[in-house]
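What follows is one structure encoded as C-alpha cells, with my remarks underneath.
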Amino acid sequence: MGDTKGQVVAGVNGRGNRLDQLNCPTDVLIDKETDSLIICDRLNRRVVRWSRRSGTTQGEILIDNIRCCGLAMDDQRYLYISDTKNHEVKRYQIGDKNGTIVAGGNGRGVGLNQLNCPYYIFVDQQQTVYVSDWNNHRVMKWNKGAKEGIVVAGGQGKGNALTKLDRPQGLFVDTLGTIYVADTVNARVMCWPKGAKQGTVIVSGNGYGEEENQLNRPVGLSFDRHGNLYVGDWDNHCVQRFSIE
C-alpha cells in the first residue's frame with residue numbers, strides 16, 4: 001500500500017514461451033498452501049505455477065494445450081479453468097491433466113447446456129460455478145453436478161439496457177448471491193441481485209473515457225475485505241479503485 005512502482009513477480013523476461021516467460025496472461029490467483037501464483041498464460045496455451053519465494057526465476061507447467069482465459073480455486077483446492085476453444089469450464093485436481101467438465105462442453109451455442117467463449121469464472125463455497133459467457137452476452141450459473149446452466153445476468157442479446165450486457169468479463173459473487181460483472185463494451189460495472197431481471201450500474205455507465213466517472217473497456221474486477229472494488233481498466237492502462245456503498 002502506498003508504493004509508487006510495482007515489482008515483477010512472474011514473467012520477467014518479456015514475451016515468449018520459455019518457462020521464464022509469459023505471453024498475454026489473462027488471469028492469476030494465489031495458492032496460499034504452496035505460496036505460489038497460478039497464472040493463465042493464454043497465448044502460450046498453458047496454465048503455469050510460479051512460486052512467490054524470492055529467487056524464483058521460472059514457472060512450472062500445470063496444464064498445457066488449453067486456450068485458457070479465466071481461473072478460480074475452491075475451498076478444496078480444485079482448480080477451475082475456462083477454455084474458449086472448446087467452450088467449456090473444467091475442474092482439475094492439482095496435478096491432474098485431464099479434468100472434469102463442470103459447465104458447457106456441448107459445443108459453441110446459446111443453449112442452456114452450452115457456452116460461447118467463456119471468459120472469467122467465480123466459484124462459491126458450494127462449488128457453484130458462475131461464468132461470464134462472453135459471446136452470448138450473459139452470466140451463467142452452473143450448480144454442482146448440473147447438466148445445464150441458469151442465466152443469472154443478461155441473456156437478452158447484446159445492448160446497453162439494464163436487462164442486457166455486451167461482452168461481459170470479470171465476475172464477483174457475494175454471499176447473498178449478488179453478481180458483480182464487468183460489462184466490457186458498455187464501459188461499466190453492473191450489480192445483479194439474486195433473481196433480478198435487470199441490473200444496476202454501480203461504476204461508470206457514462207461512455208468510454210478517462211474521467212473519474214468513466215471506464216474504458218473494464219475487464220477484471222475484485223473486492224477487498226473493506227468493500228473496495230478494483231477494476232482492471234483495459235484501454236486506460238490502469239487499475240482503478242472505487243468505494244462501493
- [ ] Assess whether side chain to side chain contact (heavy atoms under 4.5 Å, CB included) is satisfied between Leu37 and Arg52, documenting all intermediate values.
- [x] CA-CA 7 Å; Leu37 303 174; Arg52 298 176 69 203; 4.0 Å; yes
Task: Pair Tyr120-Asp27, side-chain donor/acceptor within less than 3.5 Å - done: no
Open item on the list: Is it the case that over 12 heavy atoms from other parts of the model lie below 6.0 angstrom from the CD atom of Gln76?
Closed with: yes
Task: Common cluster, Val201/Val139, ILVMFWY with side-chain heavy-atom separation under 4.5 Å - done: yes
TODO: Look at the side chain of Ser82 and the backbone N and O of Tyr119, then say whether any donor-acceptor pair between them is shorter than 3.5 Å.
DONE: yes
Open item on the list: Consider side-chain contact (heavy atoms from CB on, under 4.5 Å). Of Thr128, Ile179, Thr178, Val152, which one does Val173 pass it with?
Closed with: Ile179
Open item on the list: Count I, L, V, M, F, W, Y as connected when their side-chain heavy atoms are under 4.5 Å apart, and connections chain through other members. Are Leu115 and Val129 then in the same cluster?
Closed with: yes
TODO: For residues Asp74 and Gln127, report the shortest heavy-atom separation together with the two atoms involved.
DONE: OD2-NE2, 2.8 Å
- [ ] Drop me the distance from Leu71's CG to Cys40's SG, to the nearest 0.5 angstrom.
- [x] 5.0 Å
Open item on the list: Would Arg167 and Asn135 count as a side chain to side chain contact (heavy atoms under 4.5 Å, CB included) here? Give the steps.
Closed with: CA-CA 6 Å; Arg167 301 300 199 285; Asn135 258 347; 3.4 Å; yes
Open item on the list: Using the rule that Ile, Leu, Val, Met, Phe, Trp and Tyr join whenever any side-chain heavy atoms are under 4.5 Å apart, tell me whether Tyr180 and Leu162 fall into a single cluster.
Closed with: yes
Task: Cluster link Ile94 to Ile61, ILVMFWY, side chain under 4.5 Å - done: no
Open item on the list: Please check if the number of heavy atoms outside Lys144 that lie under 6.0 Å from its NZ is greater than 12.
Closed with: no
- [ ] With rounding to the nearest 0.5 Å, note down the distance linking CG in Asp183 to CH2 in Trp192.
- [x] 8.5 Å
Task: Residues which pass side chain to side chain donor-acceptor pair (under 3.5 Å) with Arg67, listed by chain and number, not counting sequence neighbours - done: none
- [ ] Would you check, one step at a time, whether the test side chain to side chain contact (heavy atoms under 4.5 Å, CB included) holds for Arg77 with Thr34?
- [x] CA-CA 11 Å; Arg77 295 186 69 246; Thr34 60; 3.9 Å; yes
TODO: Just jot down the side chain to side chain contact (heavy atoms under 4.5 Å, CB included) partners of Ser51, sequence neighbours excluded, or say none.
DONE: Arg53, Thr56
TODO: Quickly, which of Asn65, Asp64, Asp41 forms a side chain to side chain donor-acceptor pair (under 3.5 Å) with Arg46? Name it, please.
DONE: Asp41
Task: Same apolar cluster (I L V M F W Y, side chains within < 4.5 Å links), Val9/Trp50 - done: yes
Open item on the list: I'd like to know whether CD of Glu148 has more than 12 heavy-atom contacts from other residues, nucleotides or ligands below 6.0 angstrom.
Closed with: yes
- [ ] For residues His137 and Pro168, report the shortest heavy-atom separation together with the two atoms involved.
- [x] CA-CD, 3.8 Å
Open item on the list: Would you say that more than 12 heavy atoms from the other residues, nucleotides or ligands in this model lie under 6.0 Å from the CZ of Arg45, or not?
Closed with: yes
Open item on the list: Is it true that, when you exclude Arg15 itself, more than 12 heavy atoms of the residues, nucleotides or ligands shown sit nearer than 6.0 Å to its CZ?
Closed with: no
Open item on the list: Measuring only between side-chain heavy atoms, which start at C-beta, is Tyr78 closer than 4.5 Å to Thr100?
Closed with: no
- [ ] Kindly compute the distance separating NZ (Lys90) from CG (Asp96), expressed to the nearest 0.5 Å.
- [x] 9.0 Å
Task: Contacts of type ring pair (Phe, Tyr, Trp, His ring centres under 6.0 Å), residue Phe122, not counting sequence neighbours - done: Phe172
- [ ] Go through the steps for Lys158 and Val185 under the test side chain to side chain contact (heavy atoms under 4.5 Å, CB included), then give the verdict.
- [x] CA-CA 9 Å; Lys158 70 177 180 178; Val185 175; over 6 Å; no
Open item on the list: For Phe242, I'd like to know if atom CZ has over 12 heavy atoms of other residues, nucleotides or ligands within 6.0 Å.
Closed with: yes
TODO: Nearest 0.5 Å please: distance from the CZ atom of Phe223 over to the NE2 atom of His226.
DONE: 14.0 Å
Task: Residue pair Pro218 / Thr184: nearest heavy atoms and the distance that separates them - done: O-OG1, 2.8 Å
- [ ] Measure across Gln169 and Ser132 and return the closest heavy-atom pair with its distance rounded to 0.1 Å.
- [x] O-OG, 2.9 Å
Task: Under 3.5 Å donor-acceptor, Ser204 side chain and Ala187 backbone - done: yes
Task: Listed partners of Ala146 passing side chain to side chain contact (heavy atoms under 4.5 Å, CB included), at least two apart - done: Asn143
TODO: To the nearest 0.5 angstrom, please state how far the OG1 atom of Thr84 sits from the CG atom of Asn116.
DONE: 10.0 Å
Task: With Trp142 via ring pair (Phe, Tyr, Trp, His ring centres under 6.0 Å) - residues at least two apart - done: none
TODO: Output all residues satisfying side chain to side chain contact (heavy atoms under 4.5 Å, CB included) with Val151, sequence neighbours left out; order by chain, then residue number.
DONE: Leu112, Arg138, Met140
Open item on the list: Please report the interatomic distance CG(Asn228) to CZ(Arg241), rounded to the nearest 0.5 Å.
Closed with: 5.5 Å
Open item on the list: So which atom in Ile202 and which in Cys191 form the shortest heavy-atom distance, rounded to 0.1 Å?
Closed with: CG2-CB, 3.7 Å
Task: Sidechain-backbone polar pair: Asp174 side chain, Leu176 backbone, donor-acceptor under 3.5 Å - done: yes
Task: Donor-acceptor pair, side chain of Asp233 and main chain of Gln240, under 3.5 angstrom - done: no
TODO: State which residue, out of Val102, Ile101, Ile81, Val131, fulfils the side-chain contact (heavy atoms from CB on, under 4.5 Å) condition with Glu88.
DONE: Ile101
Open item on the list: Looking at every non-hydrogen atom in both residues, tell me the closest pair between Cys69 and Thr26 and how far apart they are.
Closed with: O-OG1, 2.8 Å
Open item on the list: Using only atom types and a distance under 3.5 Å, with no angle test, would you say the side chain of Asn216 pairs donor to acceptor with the backbone of Tyr208?
Closed with: no
Open item on the list: Taking Gly16's backbone N and O only, do any of them form a donor-acceptor pair with Asn44's side chain (distance below 3.5 Å, no angle check)?
Closed with: yes
